[in-house]
Amino acid sequence: MAREALAQAKADALKRGTLPGQGKRKGGPKLVRVREPGRGGDPKAFGAAIRDLLASRGWEQRAAVGGVFGNWPGIVGPELAEHTRPERFEDGELTVAADSTTWATQLRLLSSTLVRRLNEELGHGTVRRVKVVGPSSGPRRTGAWRAR
């Protein structure tokens, strides 16, 4: 009789997503209920739920590129990151702005290495080209020549 009660308690705990004797622990994986069509909303670990959401929506590449923008100093190094910043990523082209023409030239020289490093982070072929833009002097005036 005691074995039947124990088996019933284990079955009930398994339905709830816990095991007997575990209780609530601090520091364990955080569970999130995710409703999927045809399923009863079984609990999943938060990281797994986010990965599944990104995969189902096709957002893996966008999330990875966002990670590059957030970890720019870790990818290019602190000195280069101090003078450059990624601006946008479209169709395999990463646009990076430099705060001076000297740093823009330095980044252009390192662009092939940077493409290789970014593809290691994001997956082969994600970044095809790095476009470097230097500081802008503003729009030029059109019309007749002017002397100062």
Side-chain angles (χ1 to χ4, degrees), residues 9-148:
K10 284 183 178 180
D12 291 343
L14 193 57
K15 285 181 185 175
R16 287 192 310 269
T18 60
L19 295 175
Q22 282 187 334
K24 293 188 178 187
R25 295 183 301 168
K26 291 183 180 180
K30 196 167 198 162
L31 297 179
V32 177
R33 290 202 178 266
V34 177
R35 292 240 174 226
E36 295 178 21
R39 297 196 68 194
D42 295 333
K44 288 185 176 183
F46 184 72
I50 292 296
R51 281 190 298 277
D52 290 347
L53 176 67
L54 292 174
S56 68
R57 303 285 170 107
W59 294 342
E60 296 106 334
Q61 185 178 11
R62 285 183 181 173
V65 170
V68 167
F69 279 50
N71 189 27
W72 186 246
I75 293 170
V76 299
E79 187 178 15
L80 192 58
E82 190 176 320
H83 300 282
T84 62
R85 71 182 180 288
E87 288 197 332
R88 69 180 166 270
F89 178 79
E90 293 175 356
D91 300 325
E93 180 178 88
L94 177 67
T95 304
V96 181
D99 62 5
S100 71
T101 55
T102 305
W103 284 105
T105 302
Q106 179 69 22
L107 194 59
R108 283 185 192 101
L109 293 172
L110 294 171
S111 65
S112 62
T113 306
L114 184 57
V115 167
R116 184 180 43 78
R117 175 79 169 97
L118 290 168
N119 283 328
E120 287 173 4
E121 292 274 328
L122 302 173
H124 181 69
T126 304
V127 179
R128 292 189 312 269
R129 180 173 181 253
V130 173
K131 178 181 175 184
V132 181
V133 293
S136 174
S137 62
R140 296 189 178 216
R141 294 187 214 177
T142 59
W145 290 41
R146 292 184 170 78
R148 290 185 186 195

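The figures that follow rest on heavy atoms only: side chains count, while hydrogens, waters and symmetry mates do not.
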_For residues 97-118, which residue pairs pass the salt bridge (charged side-chain N to carboxylate O under 4.0 Å, His left out) check, not counting sequence neighbours?_
R116-E120, R117-E121
*Can you sort out the partners of R128 under side chain to side chain donor-acceptor pair (under 3.5 Å), two or more places apart, ordered by chain and number?*
none
*asked:* Quick one, L110 with Q106, criterion side chain to side chain contact (heavy atoms under 4.5 Å, CB included). Give me CA distance, side-chain angles, the key distance, then yes/no.
replied: CA-CA 6 Å; L110 294 171; Q106 179 69 22; 3.7 Å; yes
*Could you go step by step and tell me if E79 and W103 meet the side chain to side chain contact (heavy atoms under 4.5 Å, CB included) rule?*
CA-CA 10 Å; E79 187 178 15; W103 284 105; 3.9 Å; yes
*P135 versus S100, closest heavy-atom pair with distance*: CD-C, 3.6 Å
_I'd like to check the side-chain contact (heavy atoms from CB on, under 4.5 Å) partners of L114; sequence neighbours left out, ordered by chain and number._
W72, I75, V76, L107, L118, V130
*Would you say P86 and T95 make side-chain contact, with heavy atoms under 4.5 Å?*
no
*Could you give the distance from CD (E93) to NZ (K131), rounded to the nearest 0.5 Å?*
5.5 Å
*Which residues satisfy the salt bridge (Lys or Arg N to Asp or Glu O under 4.0 Å) test with R85, sequence neighbours excluded?*
E87
*Identify the heavy atoms of A104 and G134 that sit nearest to each other, and give their distance.*
CB-CA, 4.1 Å
